[in-house]
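Lettering of chains follows the sequences in order, A, B, ..., and the numbering in each one begins at 1. For clarity, every value in this text was computed on a predicted model and none was experimentally measured.
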Amino acid sequence: MLQIHVIREDKQKVIETLKKKNFDAESIVERILDVDVKRRSTQKQLDDTLAESKSKAREIGELFKSGQQDKANQLREETAKYKVLTKELQDKLTQLESEQESLLVLLPNLPHESVPPGKTPEDNEVVGQEGDIPELEGEVSAHWDLCSKYDIIDFELGTKIAGAGFPVYKGKGAKLQRALISFFLDEAIKEGYTEYQVPLMVNEASAYATGQLPDKDGQMYHMTIDNLYMIPTAEVPVTNLFRDTILQESQLPIKSTAYSACFRREAGSYGKDVRGLNRLHQFDKVEIVQVTKADKSYETLEEMRSYVTGLLRKLELPFRVLRLCGGDVSFASALTYDMEVFSAAQKRWLEVSSVSNFETFQSNRMKLRYKDKEGKTVLAHTLNGSALALPRILAALLENNQHEGGIRIPEVLIPYTGFDNIS
RNA sequence: GGAGAGAUGGCCGAGUGGUCGAAGGCGCACGCCUGGAAAGUGUGUAUACCUCACAAGGGUAUCGAGGGUUCGAAUCCCUCUCUCUCCGCCA
């Protein structure tokens, strides 16, 4: 959520900047400012009325104490009007506040100046590419065929017990999955992140704080009985660890990591995008989250980007890095890098990580602040990234490393898997 | 799930209708003291919004959350949430 003072100070800049996200903010901004004026004047009236009524109440107290009952009772009659007026103003203020809030949450985060213009994924800017695209010889299979050939993932079984998009990992497939999780966590810890295990369901307030609500309501599984949401990413519980807190500047940056299963309804997805491991309702992911000082977040973003690409390098996967264009950056993000690996049998790039700087967009909503050197309380910046999402990594590993005798396991994973080939 | 107790500032803890944003202590910050430190001592130490120059100053709100009674509520009433104790159930 944008801070109201940013809009108040330079609405034109907000409107212009949001055009890059192909978002026409003009009418919303005008309404916000209109409500803002009303809100402030109402608050002033209410405050003044309360101040008056308070001082009268004090007077009455004094009069009773000094035994001047008559005068006190007389004054008491005069105070009746405050009650009505206060109630009226209070209701109006509450209404205006919620109106302003509901308008503010409609505005996406301002894109960073380096975000390229554009509308579709084709307009994303490739800012790096590394590794050789493998030239596979002989019979080449897509990962879903490899999965059944080597009996490591059973999609049909998952469909039977839950539904499409809930695969069952088996034998070496399950072990490989576990190996990847351990590898990613160990790497993150080496990099200075603190490991967390967090709830897989969150309450409304948490989903709201990181921006899943109200905008992405339909994307989450909702347990209506207890009003809990299945997390679509560990970002939600991990970032919320710091909701409503005021940190000391010396505590920053805070680097957290967590492995979690992630749950997404993916309503409306179809076709080859959802085949095999490409898009699932439940998948595993290791997430990294940082809370930084306001002036350090872009430095941190680059650091996270190179950390993630380092992982891909260690896994020997060919990858490229995209700087997302205005039309493709998410609602809450100011700048996002996507990492994609090349999947040799499908012959396509698969997104395996998304690293974003939210600046104060999340921290404003969740009141995550720190005291700077002058003792002033300021909003912290939050960032997060996948490091990494498992299914597509697995898909690329299977497809790229297939050979006549099975599937080769990359060096770095062998200590974790205990085997170097799946056959 | 049943019965009971409770929720006050960074922490502990007073406060049962009147000037309480809240005693006292601890912690923390700065100063004095000291060769240095400890002890001692003095001062300060919440958040949000409004006014305003995001200054100073001023106003309002906040004692788990929401509502009510009252001229006036941390204090009384109602609802909800959470915590603790006992019982039940249980990975």
> In whole Å, what separates the P atom of B:rU79 from that of B:rC26?
Replying inline: 41 Å

> Rounding to the closest angstrom, what is the interatomic distance between B:rG40 and B:rC33 at atom C1'?
Replying inline: 8 Å

> Sequence neighbours excluded, which residues qualify as side chain to side chain contact (heavy atoms under 4.5 Å, CB included) partners of A:Lys371?
Replying inline: A:Ile246, A:Gln248, A:Thr377

>> Please give the distance between the C1' atoms of B:rU75 and B:rC20 as a whole number of Å.
In response: 11 Å

> C1' atom, B:rA3 versus B:rC71: distance in rounded Å?
Replying inline: 41 Å

> Is A:Glu99 salt-bridged to A:Lys38, cutoff N-O under 4.0 Å?
Replying inline: no

> For RNA chain B, whose closest nucleotide is more 5', that of A:Asp36 or that of A:His5?
Replying inline: A:Asp36

>> With rounding to the closest Å, how many angstrom separate the C1' atoms on B:rU70 and B:rC12?
In response: 33 Å

> Cut-off 3.5 Å, side chains only: do A:Glu399 and A:Gln346 have a donor facing an acceptor?
Replying inline: yes

> Can you name the residues that form a side chain to side chain contact (heavy atoms under 4.5 Å, CB included) with A:Gln3, not counting sequence neighbours?
Replying inline: A:His5, A:Val6, A:Thr360, A:Asn364, A:Leu379

> Looking at RNA chain B, which of residues 46-62 of chain A put a heavy atom within less than 4.0 Å of it?
Replying inline: A:Asp47, A:Leu50, A:Ala51, A:Lys54, A:Ala57, A:Arg58, A:Ile60, A:Gly61, A:Glu62

>> Taking any heavy-atom pair under 4.0 Å as a contact, classify A:Lys81: base, sugar-phosphate, or nothing.
In response: nothing

>> Once you apply a heavy-atom cut-off of 4.0 Å, does A:Tyr82 come out as touching a base, just sugar-phosphate, or nothing?
In response: nothing

> What residues, two or more places apart in sequence or in another chain, satisfy side chain to side chain contact (heavy atoms under 4.5 Å, CB included) together with A:Pro108?
Replying inline: A:Leu18, A:Lys21, A:Phe23, A:Phe331

Extract all donor-acceptor atom pairs below 3.5 Å that involve side chains of residues 175-183 of chain A and protein atoms in other chains or at least two apart in sequence.
from	atom 1	to	atom 2	distance (Å)
A:Lys175	NZ	A:Thr417	O	3.1
A:Gln177	NE2	A:Asp284	OD2	2.9
A:Ser182	OG	A:Arg178	O	3.2

>> Please give the distance between the C1' atoms of B:rC30 and B:rU85 as a whole number of Å.
In response: 45 Å

> When the C1' atoms of B:rG4 and B:rG59 are considered, how many whole Å apart are they?
Replying inline: 44 Å

Under 3.5 Å, sequence neighbours excluded: what are the donor-acceptor pairs made by side chains of residues 161-169 of chain A?
none

> What pairs of residues pass the salt bridge (charged side-chain N to carboxylate O under 4.0 Å, His left out) test when at least one of them lies in residues 223-245 of chain A, not counting sequence neighbours?
Replying inline: none

> Mind checking what makes side chain to side chain contact (heavy atoms under 4.5 Å, CB included) contact with A:Thr79, not counting sequence neighbours?
Replying inline: A:Lys56, A:Ile60, A:Tyr82

> Is it true that A:Lys44 and A:Asp47 have a side-chain N and a carboxylate O under 4.0 angstrom from each other?
Replying inline: no

> What residue pairs, at least two apart or across chains, pass ring-ring contact (aromatic ring centres under 6.0 Å, His included) with a residue in residues 223-260 of chain A?
Replying inline: A:His222-A:Tyr229

> Under a criterion of less than 4.0 angstrom to any heavy atom of chain A, what are the 5'-terminal and 3'-terminal contacting nucleotides of RNA chain B?
Replying inline: B:rG18 to B:rG72

> Any stems for RNA chain B, made of 3 or more Watson-Crick or G-U pairs in a row, each with both distances under 3.5 Å?
Replying inline: B:1-7 with B:81-87, B:10-12 with B:24-26, B:27-32 with B:40-45, B:46-51 with B:57-62, B:64-68 with B:76-80

> What distance, rounded to whole Å, do you find between the two P atoms, one in B:rA53 and one in B:rG44?
Replying inline: 30 Å

> Of A:Lys367 and A:Arg76, whose nearest nucleotide on RNA chain B comes first from the 5' end?
Replying inline: A:Lys367

> What residues form a salt bridge (Lys or Arg N to Asp or Glu O under 4.0 Å) with A:Arg323, not counting sequence neighbours?
Replying inline: A:Glu125

